[in-house]
Structure formats: structure tokens, C-alpha cells
Amino acid sequence: MRKTIIAGNWKMNNTRKEARELASELAKALKGKSGLPEVVLCPPFTSLADTVDAVKGAPVAVGAQNMDYHDSGAYTGEISPQMLLELGVTYVLIGHSERRQLFGETNQTVNLKLKAALKQGLIPIVCVGETLDERENNLTDAVVSRQTAAALENIDLEALKPLVVAYEPVWAIGTGKVCESAEANRVIAIIRNTIANCKPGAANLAEQTPILYGGSVNAKNSVELLTQPQIDGGLVGGASLKVDEFLSIIEAGQKRLVALGARA
Ligand code: PEP
């Protein structure tokens with residue numbers, strides 16, 4: 001059974017104090033609960049250490065929103081994987097569409113970052129997804145396949161075991177326009193198929209890789225999204241900033257786990 005993951009991408013929101021408060025409230029609500037999905041909080045770099053501290057003892061992991069692929073050196077303003085590990089960070093988002101669109105990240109830098117994250121032992125969440133223009137030109141399947149295949153290039157099957165992918169249609173991010181659950185499920189199946197065909201013997205990897213959906217996930221639509229067989233969780237932006245809303249999405253993840261357990 002693949003992991004169910006609910007990850008919150010706080011983007012450039014929350015001061016250290018606010019991050020600590022939000023993370024503490026979530027940790028308090030989740031402490032001692034069983035049957036939870038994997039819960040991951042991705043605050044800005046400045047709040048990583050506070051968030052790690054605030055969730056200590058709770059079933060909550062912490063992820064970074066980005067990282068550099070070098071170990072160290074003259075890369076002003078960048079943060080290395082080792083620096084994240086030192087803080088107690090275990091996950092990292094790679095190639096979020098805002099990084100690709102606003103900060104010049106490419107399929108090649110995503111590939112380099114994925115290699116670096118895996119080498120250092122961070123769990124990577126690689127983001128892929130088409131723009132509205134690409135969708136309207138029937139390029140969705142080609143775009144997500146190309147992004148996925150390029151990310152995985154020249155990486156051993158064994159090294160890819162921790163891989164997590166997030167399908168995030170760019171037009172659905174922060175817009176309130178959610179992708180229909182059946183369509184998200186279909187595109188995620190394409191991504192899974194791309195992983196299966198990326199190298200010989202990758203069928204198992206594809207079957208075991210959690211693939212999340214992201215794009216205007218909220219408390220209301222999460223239950224339906226998470227009943228789809230291919231959608232293994234959510235990467236949640238705006239709704240992850242509100243305790244009750246995010247807890248409801250986590251509950252939808254719990255329901256998915258119960259349903260999967262009943263089917264197994
Ligand atoms: C995101 O930031 O990855 C995201 C999906 O944002 P939102 O949930 O706000 O659309």
C-alpha cells in the first residue's frame with residue numbers, strides 16, 4: 001500500500017512566531033492520534049527550526065520549499081541539503097511551479113536537485129503540472145510526462161525509492177479552480193505510467209511512488225479527491241495556513257487510509 005501524504009506548503013507566509021503558533025496547534029491536535037496520513041509542514045526557510053521544534057513528539061514531519069543542489073560554496077542566498085538536514089528537516093519540495101515560473105527553475109535544475117536530495121537522504125516531493133495554455137492546447141499529458149521523465153533522468157532505480165511526486169496543474173494553484181477529481185486521477189495515472197517506463201524494471205517503483213494532487217485543495221473538495229485510486233494525498237497551499245481547514249484535509253487522508261485498509 002502506498003503512503004498517503006498531506007503536505008502543507010505555507011509559501012512565503014508566517015513569521016517565526018506565527019509559524020510556531022500554527023505548527024504547535026496542529027501538533028497538539030494530532031498528538032496521540034492513530035491512523036493518520038503522513039503530515040508534512042513546509043514553512044519558509046526562516047521558520048524551519050521553529051517548526052521542527054514546535055512539532056516535536058507529534059506525528060508531523062517538516063519539509064523545505066526549495067534547496068540548492070550544491071553541497072556548499074559560493075552560491076549567495078542558497079541553502080544546501082545538509083543545512084536542511086541539520087535543522088531536522090526530512091522533506092523538500094522540488095520544482096514547485098512558482099519556482100519554475102518565477103525563479104527560472106527548469107527540468108534540468110529539478111533533476112539536479114532531485115539527485116542532491118536523494119543523495120543526502122531528504123525525501124523529495126517533485127512537482128509537475130501544465131499551464132492553462134498547455135491544457136487548452138491538449139498538451140497536458142505530454143508536459144507532465146516530459147517533466148516527470150526529465151526529473152528522473154540518470155538516477156538509479158534503487159536511489160529513487162523515497163520519491164514522492166505532486167501533480168499540480170498550474171492553473172489550479174491559488175486560483176480556487178480545482179481540477180476535477182476524475183481528471184486529476186487520469187493525469188496522475190499518466191505520471192505513474194511515465195515512471196514505470198522511465199527505465200527497465202521501474203514498474204514496482206511506479207506502483208510504490210506516492211503521487212499527490214495539489215491545486216486549490218480545501219476541506220470541502222479533499223474527501224472526493226482522496227477517494228480517487230491514483231491520488232495518494234494532497235499538496236495544500238492556502239488551506240494549509242488555517243488550522244481547522246488543514247485538519248479537515250488530514251481527516252480526509254485518514255478516511256482514505258480506512259478505505260484502503262478495508263479493501264486490502
Ligand atoms: C501549492 O502551493 O502547491 C498549492 C497547491 O497552492 P493552493 O492550494 O493554494 O492552490
Side-chain angles (χ1 to χ4, degrees), residues 4-14 18-19 22-23 26 37-48 51 61-67 89 91-103 105 110 113-114 117 123-132 134-135 140 143-144 147-148 151 163-181 183-185 187-188 191 210-226 228 230-253:
T4 296
I5 301 173
I6 305 295
N9 174 17
W10 294 357
K11 313 197 191 203
M12 199 174 73
N13 292 297
N14 288 335
E18 289 162 345
L22 177 54
L26 289 167
E38 175 95 343
V39 176
V40 186
L41 304 180
C42 302
F45 284 132
T46 49
S47 297
L48 283 169
T51 306
V62 178
Q65 297 173 16
N66 180 34
M67 58 161 218
V89 168
Y91 279 79
V92 63
L93 302 182
I94 295 180
H96 188 281
S97 66
E98 286 153 17
R99 303 283 331 157
R100 293 182 192 252
Q101 294 204 313
L102 305 172
F103 301 102
E105 295 207 10
V110 168
K113 288 183 181 198
L114 177 56
I123 303 171
I125 302 180
V126 174
C127 305
V128 299
E130 81 288 356
T131 61
L132 185 58
E134 287 162 343
R135 171 159 287 265
T140 298
V143 168
V144 298
Q147 289 176 337
T148 304
L163 177 69
V164 179
V165 176
Y167 168 52
E168 296 210 307
V170 179
W171 50 270
I173 297 181
T175 58
K177 283 187 212 153
V178 65
C179 183
E180 289 211 355
S181 58
E183 173 60 6
N185 189 68
V187 179
I188 288 177
I191 295 168
I211 308 184
L212 321 180
Y213 167 78
S216 298
V217 175
N218 60 32
K220 271 201 194 127
N221 60 32
S222 56
V223 176
E224 183 179 337
L225 284 161
L226 292 177
Q228 294 288 332
Q230 295 289 335
I231 304 180
D232 300 315
L235 177 53
V236 186
S240 71
L241 296 168
K242 299 173 208 136
V243 177
D244 290 345
E245 186 94 7
F246 195 54
L247 285 173
S248 296
I249 298 169
I250 293 168
E251 234 173 80

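Just so you know, ligand 1 is whichever comes first in the structure, and atom 1 is the first atom listed for that ligand. All values below were derived from every heavy atom in this structure, side-chain atoms included, with hydrogens, water molecules and symmetry-related copies excluded.
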> Where's the contact between Cys127 and ligand 1, heavy-atom distance under 4.0 Å: side chain, backbone, both or neither?
Replying inline: neither
> So, Tyr91 and Glu38: side-chain donor and acceptor under 3.5 Å apart, yes or no?
Replying inline: yes
> Should Glu98 be counted as touching ligand 1, given the test is an N or O pair under 3.5 Å?
Replying inline: no
> Considering distance alone, does some N or O of Val236 sit under 3.5 Å from an N or O of ligand 1?
Replying inline: no
> Would you say ligand 1 has an N or O under 3.5 Å from any N or O of Gly215?
Replying inline: no
>> Taking 4.0 angstrom as the limit and counting only heavy atoms of Asn9, give me the atoms of ligand 1 inside it, by number and element.
In response: 1 (C), 2 (O), 3 (O)
> Which ligand 1 atoms are under 4.0 Å away from a heavy-atom of Ala172?
Replying inline: 10 (O)
> Cut-off 3.5 Å, side chains only: do Ser97 and Glu168 have a donor facing an acceptor?
Replying inline: no
>> Give me the residue, atom name and distance of the protein heavy atom closest to atom 8 (O) of ligand 1.
In response: Gly237 N, 2.8 Å
> In the protein, which heavy atom is nearest to atom 10 (O) of ligand 1, and how far is it?
Replying inline: Gly174 N, 2.6 Å
> Any nitrogen or oxygen of Gly238, main chain or side chain, under 3.5 Å from a nitrogen or oxygen of ligand 1?
Replying inline: yes
> With atoms numbered from 1 as shown, which atoms in ligand 1 lie under 4.0 angstrom from a non-hydrogen atom of Ser216?
Replying inline: 7 (P), 8 (O), 10 (O)
>> Is a donor from one side chain sitting under 3.5 angstrom from an acceptor on the other, for Gln65 and His96?
In response: no
> Which of these, Ile191, Val110, Val143, sits in a side-chain contact (heavy atoms from CB on, under 4.5 Å) with Val128?
Replying inline: Ile191
> Should we count CD of Glu183 as having more than 12 external heavy atoms under 6.0 Å?
Replying inline: yes
>> For atom 1 (C) of ligand 1, what is the closest protein heavy atom, and at what distance to 0.1 Å?
In response: His96 NE2, 3.3 Å
> How far apart are the closest heavy atoms of Ser216 and Asn221, and which atoms are they?
Replying inline: O-ND2, 2.9 Å
